[in-house]
Amino acid sequence: MHPFDEITVDQLRAAGSTKWTMFPDAIGAFVAEMDFGVPPAVADVVRTAADTQAMGYLPAADRAAAKRATAGWLARSFDWQVPEDNVHLLPDVLSAMRIAIQRFTPPGSPVIVPTPAYMPFLTVVPALNREVIEVPSILEEDGRYRLDLDAIDAAFAAGAGLLVLCNPWNPVGRVLTRDELTDVAEVVDRHGGRVFSDEIHAPLVLDDLPHLPYASLDARTAGHTITAVAASKGWNIPGLKCGQMILSNDDDVAAFAPYATDAGDTVGLLGGRAVVAAYDKSQDWLDNVVTYLRGNRDLLVDMVDQIPGLRISPVEGTYIAWLDCRELDLPGGPAQFFRREAGVALTDGNLCGAAGEGFARLIFAMPRPVLRKALERMRAAVIGR
Ligand SMILES: Cc1ncc(COP(=O)(O)O)c(C=O)c1O
């Protein structure tokens, strides 16, 4: 037995997360959090802060340490050399997305969001009074998604200023290849467009594939990209609120310089120190998690196979499964059906864009026995309907 297998639903509910309290009668599989706790080094940071009553603003030395830790992790993990000064601490990845749109695109220009997409991409953009151009991606026979480059090209031609790239791709689980990223770069470059590259799931590649930071590909991509990374998903600390925005060219660094200090001040002491504990001291913890997630993914694929009419896209990275329920034609949509009939709380695919209609998103970062139970209940619900 793996120690994660022994974590119980009662313990998870008692801890009080959104995932385990919003639907008290259901298995929570709709918020991108893991049920495996946090690395010991991160817990130490929080414990020490409590013991010393230190809960204030982030001191300059800690800010520098967090930037250094981020740059060190990017260099070690992905061979991407980023000057520490080009790392900006922000509360979260979506804050970086807002900055990318507001500071680095022509005023009023639409934003391209390939779908299926992480749900907030579709709401953050209109909240900034910008139009979203949804570009449905191409679904292959084997369930893999491919970006529709012709449609992205057309959206730039129609005046869009920015493409939102999510890699590894929530919710469809793809880890994009060098060729795919290079093809994206060509389209963006042709139009003088910009890319916001959300790489929050970079630590969570499950297959034997490299994660390639888009901005690290070549001078072109470095020149047109704003990147966001975070320890939030890989080390399970989104509530500590410290993401990182990476700038990768001199013009952007100069343009952002007047705001850089303010940006740093939006992160607190706990988040800043936790990031150092995660990136610098918790690689073993992450490796263990990734191995466990791989096992969960394999179980999921096997069990989905036993549910007639249900299909799953290959999950190369993330801990998110994208389930094709279209053939089942479930009354009220997949999420409502499985919550009502199986007691499993999923995200309905239609929140991920029009291309997600008839699909559902399942977070499988849970104890394996709980995952097994969720899938057994879903199978029974489908067969018994
Ligand atoms: C692709 C992606 N981007 C951003 C976020 C949100 O990150 P943050 O809380 O840092 O804004 C998530 C959370 O699930 C995500 O999956």
Side-chain angles (χ1 to χ4, degrees), residues 17-19 22 28-36 38 42 66 70 87-101 111 113-125 127-128 132 137 145 147 162-176 195-206 211 213-214 225-246 263 266-268 270-272 274-275 278-279 289 293 313 315-322 345-347 349 351-353 356 361-366:
S17 63
T18 304
K19 188 178 177 190
M22 185 178 275
F30 67 103
V31 180
E33 295 175 345
M34 301 197 281
D35 296 334
F36 313 138
V38 299
V42 170
T70 305
V87 177
H88 295 280
L89 308 182
L90 295 168
D92 44 42
V93 163
L94 291 178
S95 300
M97 179 175 172
R98 291 187 191 95
I99 289 172
I101 294 170
V111 173
V113 179
T115 57
Y118 172 54
M119 305 77 75
F121 292 162
L122 300 167
T123 51
V124 163
V125 177
L128 298 175
V132 176
S137 303
Y145 280 83
L147 293 167
L162 178 94
L163 167 69
V164 177
L165 195 63
C166 183
N167 182 39
W169 188 347
N170 170 3
V172 305
R174 283 294 320 283
V175 174
L176 300 176
V195 168
F196 172 67
S197 188
D198 176 342
E199 303 181 15
I200 195 170
H201 291 279
L204 296 164
V205 174
L206 307 184
H211 169 73
Y214 177 74
T225 306
I226 310 293
T227 304
V229 294
S232 312
K233 299 292 144 184
W235 289 270
N236 208 24
I237 53 172
L240 291 178
K241 293 307 232 187
C242 182
Q244 301 90 42
M245 177 175 75
I246 317 292
T266 57
V267 171
L270 280 181
V275 160
Y279 287 148
V289 160
L293 287 173
S313 286
V315 191
E316 299 165 342
T318 78
Y319 46 66
I320 298 166
W322 185 243
L346 308 175
T347 309
L351 296 174
C352 302
R361 204 183 77 126
L362 183 153
I363 308 301
F364 61 83
M366 60 174 78

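Throughout, numbering of the chain's residues begins at 1 and tracks the sequence. Every number for a ligand or one of its atoms is a count from 1 in the order of the listing.
Using a 3.5 Å distance cut-off with no hydrogens or angles, the side chains of Gln244 and His88 do not pair a donor with an acceptor.
Atom OG1 of Thr225 sits about 11.0 Å away from atom CZ of Phe196, to the nearest 0.5 Å.
Under the side chain to side chain contact (heavy atoms under 4.5 Å, CB included) criterion, Ala231 pairs with Trp235, Ile237, Ala278, Tyr279, not counting sequence neighbours. Among residues two or more places apart in sequence or in another chain, the salt bridge (Lys or Arg N to Asp or Glu O under 4.0 Å) test is passed with Glu316 by Arg144, Arg174.
Proximity of Lys233 to Thr318: side-chain heavy atoms (C-beta onward) are nowhere separated by under 4.5 Å.
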What short N/O contacts, under 3.5 Å, does ligand 1 make with the protein, listed by atom pair and distance?
| from | atom 1 | to | atom 2 | distance (Å) |
| --- | --- | --- | --- | --- |
| ligand 1 | 3 (N) | Asp198 | OD2 | 2.5 |
| ligand 1 | 10 (O) | Val93 | N | 2.8 |
| ligand 1 | 11 (O) | Val93 | N | 3.2 |
| ligand 1 | 11 (O) | Leu94 | N | 3.1 |
| ligand 1 | 14 (O) | Lys233 | NZ | 2.8 |
| ligand 1 | 16 (O) | Asn170 | ND2 | 2.7 |
| ligand 1 | 16 (O) | His201 | NE2 | 2.8 |

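Among pairs with a residue in residues 162-173, those fulfilling side-chain hydrogen bond (donor to acceptor under 3.5 Å, both in side chains) read Asn170-Arg361, at least two apart in sequence or across chains.
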